Colleague: 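Okay, handing you the structure first.
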Amino acid sequence: MNQVRVRFAPSPTGYLHIGGVRTALFNWLFARHEKGVFILRIEDTDRARSTPEAIQAILDGMKWVGLGWDEGPIYQTDCLAIYKEQADRLLAEGKAYLCYCTEEELDARRKEALARKELPKYDGRCRRRSGAAPAGVSPVTRFVSPQDGQTIVHDLIKGDVTFDNAQLDDLVIVRSNGVPTYNFGVVVDDARMAITHVIRGDDHLNNTPRQILLYRALGYEPPQFGHLSMILGMDKVKLSKRHGATSVLEYQEAGYLPEALTNYLVRLGWSHGDQEVFSSQEMIEKFSLENITRSPAAFNPEKLLWLNGHYLKTGDTKRVAELLLPFLRKRGVLDGGAQPDSAWLEKLVVALRERAQTLVEMADKAAPFFQESVIMDQEAAKKFLTAAVRPAFARLVAVLEQTSVFEHDALEQGFKSVLAETGLSMGKLAQPVRVALTGTTVSPGIFDVMALLGRERTLARLKKAIDLMG
RNA sequence: GGUCCCAUCGUCUAGCUUGGCCUAGGACGGUGCCCUCUCAAGGCAUAAACACGGGUUCAAAUCCCGUUGGGACCA
């Protein structure tokens with residue numbers, strides 16, 4: 001069998017959305033699994049709606065999620081001459097014709113047909129037109145579509161889907177301004193790029209019979225098709241902006257890890273037994289078109305969050321620490337130019353990652369470790385920084401001043417000696433200390449907090465708390 | 001309106017091809033318990049589904065037909 005060649009072909013009319021990423025991911029996985037080629041093609045023939053910003057957003061999004069392409073990006077607007085050439089060929093072979101019907105005429109006829117309860121398709125009258133071309137009308141090019149028989153799509157995911165050719169009309173392949181229509185551009189490109197498998201959303205399933213007919217008319221063997229079901233929102237309606245973030249880059253900004261997003265997305269419509277967590281290597285090894293579900297899937301943000309938390313916990317600490325930096329800066333936790341000690345930052349990540357599901361959350365929780373002095377939660381202070389614990393605090397300060405290594409185990413030992421002396425339980429002392437050190441009632445383990453803060457800040461904060469006790 | 005697609009716990013899904021191993025499994029979320037210096041994380045347990053109606057068959061989540069519901073495309 002020939003080498004697999006697949007493509008992802010977004011229109012740059014907006015950001016790269018989640019559904020698009022999943023389509024791209026499945027194509028990419030298939031290509032990698034089959035040791036084939038993954039091509040990126042930008043379908044920018046809709047010039048009114050395509051923007052350079054959108055193109056950039058697509059490229060950035062693809063890079064962020066780690067879907068590298070082997071060929072491209074190829075822009076359709078660079079290929080206009082090729083579509084024209086192919087359309088001219090069809091014209092010359094009598095497989096296409098020029099149509100001079102105006103928008104108004106077509107509209108009127110459509111309404112008439114509807115009134116007669118007939119199919120409102122083009123009646124093909126310009127097919128039979130003879131004589132001179134009407135003046136002042138720039139024609140569109142229409143494809144001569146067979147009116148009998150059936151076209152069967154042997155879909156890799158949906159199975160065989162049969163369409164009556166009588167349903168299809170003579171579709172426009174080139175507009176009056178010379179720009180190819182979507183269906184024509186796709187076919188010409190997929191054919192000349194020797195695409196072997198077209199894996200795309202099932203919103204294109206209905207276009208497929210027309211495309212197969214076009215392939216044949218152009219003298220190409222159609223590729224294999226695989227139509228993926230759509231991703232829906234939790235309310236079972238097609239995923240859109242009102243469901244929250246739908247652009248990949250929004251997920252980046254919200255503190256998600258790309259591997260969490262791809263892992264989440266791969267399980268939306270595909271499975272490998274009961275396995276939920278896949279490294280990208282595993283995905284490539286195990287991916288197959290046979291295990292794709294036919295039914296549409298609802299996007300569940302909570303499961304994505306869980307996976308993100310999982311990857312935050314299990315990911316390489318050095319990498320997580322690096323990824324965290326921009327979030328610390330953005331949250332104003334860290335000054336723009338400041339560069340924290342990397343070993344220390346990794347320790348902070350280890351302490352925080354059990355309790356954060358996103359990098360944004362982690363950056364928030366990191367705040368007390370960067371501030372010179374704590375921002376005290378007044379209610380917590382009132383409740384925990386009472387005169388009753390002052391003697392214990394005083395003892396703790398004395399002990400900590402003597403502690404030679406300011407690290408977890410030594411700190412625990414010192415802390416516990418204070419408990420033994422004062423007769424306080426762990427909880428009775430740890431919670432006030434937590435408030436004194438972080439300003440809040442929630443934090444990593446208290447010994448980790450002290451170690452992370454270091455001797456100086458720990459002692460300063462404890463002393464300040466003693467003052468607050470009045 | 002026409003054409004096409006889809007239908008298992010709230011959600012993602014396994015099982016459906018080749019009916020019996022399904023008193024329907026896993027995961028997220030929920031609930032409860034354990035662990036515990038807080039919050040998490042973790043562990044254990046638990047509730048929760050074969051859309052409906054007909055067939056076929058000794059036997060159907062699995063095969064067939066219909067209904068209903070959802071979605072897409074075209075208009």
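First the proteins, then the strands, lettered A, B, ... as listed; each starts at 1. Not measured: the values here are computed from a predicted model.
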Colleague: What residues, two or more places apart in sequence or in another chain, satisfy side-chain contact (heavy atoms from CB on, under 4.5 Å) together with A:Val399?
Modeller: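 Per chain and number, A:Val399 pairs via side-chain contact (heavy atoms from CB on, under 4.5 Å) with A:Arg395, A:Thr403, A:Ser417, A:Val418.
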Colleague: In chain order, what residues pass the salt bridge (Lys or Arg N to Asp or Glu O under 4.0 Å) check against A:Lys318, with sequence neighbours excluded?
Modeller: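 Applying salt bridge (Lys or Arg N to Asp or Glu O under 4.0 Å) to A:Lys318 gives none.
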Colleague: Grab the N/O contacts between the protein and nucleotides 27-33 of chain B below 3.5 Å, and write none if there aren't any.
Modeller:
unit_1 : atom_1 : unit_2   : atom_2 : d
B:rA27 : O4'    : A:Glu276 : OE2    : 3.3
B:rC28 : O2'    : A:Lys303 : N      : 3.3

Colleague: B:rC5 P sits how many Å from A:Arg200 CZ, rounded?
Modeller: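 The answer, rounded to whole Å, is 16 Å.
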Colleague: Nearest to the side chain of A:Lys158 - B:rC37, B:rC6, B:rG26?
Modeller: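 So the side chain of A:Lys158 is nearest to B:rC6.
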Colleague: Quick one: label A:Gly445 by what it contacts on the DNA or RNA (base, sugar-phosphate, nothing), any heavy atom closer than 4.0 Å.
Modeller: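 Answer is base: heavy atoms of A:Gly445 come under 4.0 Å of a base.
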Colleague: Does the base of B:rC6 carry an N or O that pairs as donor and acceptor with the side chain of A:Arg294 under 3.5 Å?
Modeller: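 Side chain to base: no pair below 3.5 Å.
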Colleague: Taking only the side-chain heavy atoms of A:Thr293 (C-beta and beyond), determine which of B:rU38, B:rU13, B:rC12 contains the nearest atom.
Modeller: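 Of the options given, the side chain of A:Thr293 lies nearest B:rU13.
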Colleague: Would you mind telling me which of B:rA41, B:rU13, B:rU38 lies closest to the side-chain atoms of A:Ser271?
Modeller: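 Of the options given, the side chain of A:Ser271 lies nearest B:rU13.
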Colleague: Go ahead and name the base partner of B:rA61; Watson-Crick or wobble counts if both distances stay under 3.5 Å, otherwise write none.
Modeller: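 Its partner is none (no Watson-Crick or G-U wobble pair with both distances under 3.5 Å).
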Colleague: With sequence neighbours left out, write down each residue that passes side chain to side chain donor-acceptor pair (under 3.5 Å) with A:Glu354, or none if nothing qualifies.
Modeller: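 Testing A:Glu354 for side chain to side chain donor-acceptor pair (under 3.5 Å), a comparison that skips the adjacent residues, returns none.
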Colleague: So, is A:Ser443 near the phosphate of B:rC39, with a side-chain N or O under 4.0 Å from OP1 or OP2?
Modeller: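 Checking A:Ser443 against B:rC39: no side-chain N or O falls below 4.0 Å of OP1 or OP2.
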Colleague: In terms of relative ring orientation, are A:His204 and A:Tyr182 parallel, tilted or perpendicular, with 30° and 60° separating the classes?
Modeller: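 Ring orientation of A:His204 relative to A:Tyr182: parallel.
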Colleague: When the P atoms of B:rU62 and B:rU23 are compared, how many Å lie between them, rounded to an integer?
Modeller: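 So the two P atoms sit 14 Å from each other.
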Colleague: Closest approach to the side chain of A:Asp203, judged atom by atom: which nucleotide of B:rC73, B:rC37, B:rU38 is it?
Modeller: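 Given the options B:rC73, B:rC37, B:rU38, the side chain of A:Asp203 is closest to B:rC73.
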Colleague: Roughly how many Å is it from CH2 in A:Trp270 to C1' in B:rC12, rounded to a whole number?
Modeller: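 Taking atom C1' of B:rC12 as the reference, CH2 of A:Trp270 is at 13 Å.
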Colleague: Only counting residues at least two apart or in another chain, list the ones meeting side-chain contact (heavy atoms from CB on, under 4.5 Å) with A:Glu253.
Modeller: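 In terms of side-chain contact (heavy atoms from CB on, under 4.5 Å), with neighbours along the sequence ignored, A:Glu253 is linked to A:Lys330.
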Colleague: Any ring-ring contact (aromatic ring centres under 6.0 Å, His included) involving residues 301-321 of chain A? Give me the pairs, sequence neighbours left out, ordered by first then second residue.
Modeller: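 Listed once each, the pairs would be none.
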Colleague: Would you measure the distance from the C1' atom in B:rC50 across to the matching atom in B:rC9 and give it in whole Å?
Modeller: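 Going atom to atom, C1' in each nucleotide, I get 10 Å.
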Colleague: Of all the nucleotides listed (B:rC6, B:rA41, B:rU38), which has the minimum atom distance to the side chain of A:Ser295?
Modeller: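 Closest nucleotide among those given: B:rC6.
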